[in-house]
Amino acid sequence: QVQLVESGGGLVQTGGSLRLSCAASGRTFTIYAMGWFRQAPGKERESVATITWSAGSTRYADSVKGRFTISRDNAKNTVYLQMNSLKPEDTAVYYCAVRAGPGRTSLPIHYDYWGQGTQVTVSS
(Lines give C-alpha, C1' and ligand atoms only; values in the text may rest on other atoms or scores of the structure.)
Protein backbone atom coordinates (compact mmCIF):
# COMPACT_ATOMS: atom_id res chain seq x y z
CA GLN A 1 0.00 0.00 0.00
CA VAL A 2 1.01 3.57 -0.64
CA GLN A 3 -0.53 6.43 1.29
CA LEU A 4 -0.76 9.92 -0.17
CA VAL A 5 -1.30 13.24 1.58
CA GLU A 6 -1.94 16.35 -0.50
CA SER A 7 -1.64 19.97 0.54
CA GLY A 8 -1.52 23.44 -0.94
CA GLY A 9 -4.96 24.00 -2.37
CA GLY A 10 -6.95 27.16 -1.75
CA LEU A 11 -8.64 30.20 -3.22
CA VAL A 12 -6.75 32.40 -5.65
CA GLN A 13 -7.62 35.12 -8.12
CA THR A 14 -7.32 34.75 -11.87
CA GLY A 15 -3.68 35.00 -12.89
CA GLY A 16 -2.45 33.88 -9.50
CA SER A 17 -0.33 30.91 -8.51
CA LEU A 18 -0.56 27.91 -6.21
CA ARG A 19 1.78 25.04 -5.44
CA LEU A 20 0.36 21.64 -4.58
CA SER A 21 2.37 19.01 -2.75
CA CYS A 22 1.76 15.29 -2.38
CA ALA A 23 3.78 13.20 0.05
CA ALA A 24 3.85 9.44 -0.36
CA SER A 25 4.49 6.91 2.37
CA GLY A 26 4.36 3.15 2.76
CA ARG A 27 5.59 0.95 -0.10
CA THR A 28 7.15 3.85 -1.96
CA PHE A 29 9.69 1.58 -3.63
CA THR A 30 6.84 0.39 -5.85
CA ILE A 31 6.20 3.84 -7.33
CA TYR A 32 6.60 3.90 -11.12
CA ALA A 33 4.84 7.19 -11.77
CA MET A 34 2.87 9.86 -10.00
CA GLY A 35 0.27 12.14 -11.40
CA TRP A 36 -2.02 15.03 -10.69
CA PHE A 37 -5.62 14.77 -11.77
CA ARG A 38 -8.58 17.06 -11.30
CA GLN A 39 -12.34 16.79 -11.21
CA ALA A 40 -14.72 19.69 -11.55
CA PRO A 41 -18.39 19.40 -10.54
CA GLY A 42 -20.34 17.42 -13.11
CA LYS A 43 -17.24 16.46 -15.05
CA GLU A 44 -15.09 13.37 -15.29
CA ARG A 45 -11.74 13.17 -13.60
CA GLU A 46 -9.01 14.23 -16.00
CA SER A 47 -5.26 14.02 -16.14
CA VAL A 48 -3.40 17.26 -15.50
CA ALA A 49 0.25 16.19 -15.35
CA THR A 50 2.21 13.00 -14.80
CA ILE A 51 5.83 12.19 -14.04
CA THR A 52 7.75 8.94 -14.03
CA TRP A 53 9.58 8.38 -10.79
CA SER A 54 12.94 7.18 -12.07
CA ALA A 55 13.45 9.05 -15.33
CA GLY A 56 11.40 12.10 -14.49
CA SER A 57 9.59 12.07 -17.82
CA THR A 58 6.64 14.43 -17.78
CA ARG A 59 3.36 14.76 -19.62
CA TYR A 60 0.85 17.58 -19.48
CA ALA A 61 -2.71 18.14 -20.55
CA ASP A 62 -2.90 20.63 -23.40
CA SER A 63 -4.99 22.94 -21.24
CA VAL A 64 -2.17 23.44 -18.72
CA LYS A 65 0.95 23.33 -20.89
CA GLY A 66 3.13 26.35 -20.28
CA ARG A 67 1.32 27.21 -17.05
CA PHE A 68 1.74 24.16 -14.79
CA THR A 69 4.92 22.32 -13.88
CA ILE A 70 5.12 18.91 -12.24
CA SER A 71 8.26 17.93 -10.36
CA ARG A 72 9.34 15.37 -7.82
CA ASP A 73 11.75 14.99 -4.92
CA ASN A 74 12.65 11.33 -4.75
CA ALA A 75 14.40 11.69 -1.39
CA LYS A 76 11.22 13.10 0.16
CA ASN A 77 8.86 10.86 -1.85
CA THR A 78 7.00 14.01 -2.78
CA VAL A 79 5.56 15.32 -6.02
CA TYR A 80 4.68 18.95 -6.65
CA LEU A 81 2.45 20.82 -9.03
CA GLN A 82 3.34 24.46 -9.57
CA MET A 83 0.34 26.21 -11.07
CA ASN A 84 0.80 29.66 -12.58
CA SER A 85 -1.49 31.96 -14.55
CA LEU A 86 -4.50 30.24 -13.06
CA LYS A 87 -7.87 30.55 -14.76
CA PRO A 88 -11.41 30.05 -13.45
CA GLU A 89 -11.63 26.87 -15.54
CA ASP A 90 -8.82 25.40 -13.43
CA THR A 91 -11.24 25.28 -10.49
CA ALA A 92 -11.58 21.66 -9.35
CA VAL A 93 -10.63 19.15 -6.72
CA TYR A 94 -7.05 18.11 -7.46
CA TYR A 95 -5.96 14.56 -6.70
CA CYS A 96 -2.54 13.04 -6.47
CA ALA A 97 -2.12 9.42 -7.58
CA VAL A 98 0.50 6.71 -7.77
CA ARG A 99 0.99 4.00 -10.35
CA ALA A 100 2.77 1.04 -8.77
CA GLY A 101 4.78 -0.85 -11.36
CA PRO A 102 5.53 -0.15 -15.02
CA GLY A 103 2.77 0.55 -17.47
CA ARG A 104 0.65 3.22 -19.00
CA THR A 105 0.29 6.47 -17.12
CA SER A 106 -2.01 8.73 -19.10
CA LEU A 107 -5.43 7.95 -17.60
CA PRO A 108 -6.87 7.80 -14.07
CA ILE A 109 -7.60 4.09 -14.54
CA HIS A 110 -3.85 3.44 -14.83
CA TYR A 111 -3.27 4.50 -11.20
CA ASP A 112 -3.45 2.36 -8.10
CA TYR A 113 -3.46 4.73 -5.12
CA TRP A 114 -5.14 8.08 -4.61
CA GLY A 115 -4.97 10.95 -2.21
CA GLN A 116 -8.00 12.55 -0.59
CA GLY A 117 -7.99 15.55 -2.91
CA THR A 118 -7.48 19.26 -2.34
CA GLN A 119 -9.78 22.02 -3.54
CA VAL A 120 -8.45 24.67 -5.90
CA THR A 121 -10.76 27.60 -6.58
CA VAL A 122 -9.86 30.37 -9.02
CA SER A 123 -12.04 33.45 -8.79
CA SER A 124 -12.66 35.72 -11.76
Side-chain angles (χ1 to χ4, degrees):
Q1 294 282 338
V2 176
Q3 294 79 41
L4 301 169
V5 177
E6 299 135 335
S7 60
L11 173 64
V12 65
Q13 292 184 333
T14 296
S17 298
L18 283 174
R19 188 191 194 206
L20 306 183
S21 299
C22 174
S25 61
R27 296 171 60 88
T28 57
F29 61 90
T30 65
I31 296 175
Y32 173 75
M34 293 186 73
W36 287 98
F37 299 81
R38 67 187 181 187
Q39 188 165 18
K43 295 188 176 181
E44 292 187 354
R45 191 169 299 188
E46 63 176 359
S47 175
V48 175
T50 63
I51 187 167
T52 59
W53 206 238
S54 179
S57 299
T58 58
R59 177 185 296 173
Y60 296 92
D62 288 342
S63 58
V64 307
K65 282 181 181 177
R67 300 188 298 123
F68 290 11
T69 302
I70 188 170
S71 62
R72 89 265 194 240
D73 185 330
N74 297 62
K76 295 182 178 180
N77 293 317
T78 299
V79 66
Y80 305 96
L81 185 68
Q82 177 66 43
M83 305 185 293
N84 299 328
S85 303
L86 282 161
K87 306 175 181 179
E89 50 263 44
D90 295 318
T91 295
V93 177
Y94 283 69
Y95 297 90
C96 170
V98 159
R99 179 183 173 93
R104 300 175 66 182
T105 60
S106 59
L107 299 176
I109 196 173
H110 298 146
Y111 289 77
D112 304 290
Y113 303 102
W114 292 83
Q116 79 284 359
T118 184
Q119 178 70 47
V120 171
T121 302
V122 184
S123 64
S124 57

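Residues take their numbers from the sequence shown, with the count starting at 1.
Both V64 and L18 are part of a single hydrophobic cluster, where members link through side-chain heavy atoms under 4.5 Å apart. Taken together through direct or relayed side-chain contacts under 4.5 Å among Ile, Leu, Val, Met, Phe, Trp and Tyr, M83 and V12 form part of one hydrophobic cluster. Linking ILVMFWY side-chain heavy atoms closer than 4.5 Å, directly or via other members, places V48 and I51 in a single hydrophobic cluster.
Counting all heavy atoms, side chain and backbone alike, G9 lies closest to L20 at N-CD2, 3.5 Å. Across all non-hydrogen atoms, the minimal contact from M34 to C22 is CE-SG, 3.9 Å. Residues L4 and G115 share a closest heavy-atom pair of CD1-N, 3.7 Å. Nearest heavy atom pair, residue Q39 against residue A92, reads O-CB, 3.5 Å. Considering every non-hydrogen atom in both G103 and T105, the closest pair reads O-CG2, 3.5 Å. For the pair R72 and T52, the tightest heavy-atom approach, listed with the atom from each and the gap, is NE-O, 3.8 Å.
Residues T14 and P88 are in side-chain contact: their nearest non-hydrogen atoms beyond the backbone lie under 4.5 Å apart. Using a 4.5 Å heavy-atom threshold, the side chains of T28 and W53 count as separate. Using a 4.5 Å heavy-atom cutoff, the side chains of R45 and W114 are in contact. Looking at heavy atoms from C-beta onward, R59 lies in side-chain contact with S106 at the 4.5 angstrom threshold.
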Inset, instruction - For L86 and F68, run side chain to side chain contact (heavy atoms under 4.5 Å, CB included): C-alpha distance rounded to whole Å, both residues' side-chain angles, the deciding distance at 0.1 Å, then the answer. - result: CA-CA 9 Å; L86 282 161; F68 290 11; 3.7 Å; yes
Inset, instruction - Could you give me the CA-CA distance, side-chain angles and deciding distance for V2 and T30, then say whether side chain to side chain contact (heavy atoms under 4.5 Å, CB included) is met? - result: CA-CA 8 Å; V2 176; T30 65; 3.8 Å; yes
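Contact check on K87 versus D90 returns no salt bridge, with no Lys/Arg side-chain nitrogen under 4.0 Å from an Asp/Glu carboxylate oxygen.
Heavy atoms from other residues, nucleotides or ligands lying under 6.0 Å from CD of Q116 number more than 12.
Here the CZ-OG1 distance, from R38 to T91, works out to 9.0 Å after rounding to the nearest 0.5 Å. Rounded to the nearest 0.5 angstrom, S47 OG and Y60 OH are separated by 11.0 Å. Of the inter-residue distances, the one linking Y113 atom OH with I31 atom CD1 reads 10.0 Å to the nearest 0.5 angstrom. The CD1 atom of I70 lies 12.5 Å from the CD atom of Q82; values are rounded to the nearest 0.5 Å. Between the CD atom of E6 and the OH atom of Y94 there is a distance of 12.5 Å, given to the nearest 0.5 Å. R99 contributes atom CZ, which lies 10.5 Å from atom CD1 of I109 (distance to the nearest 0.5 angstrom).
Checked against Y111 for a ring pair (Phe, Tyr, Trp, His ring centres under 6.0 Å), the options Y32, F37, Y95 give a single hit: F37.
Counting only distance, with no hydrogens or angles, the side chain of S57 and the backbone of A55 share no donor-acceptor pair below 3.5 Å.
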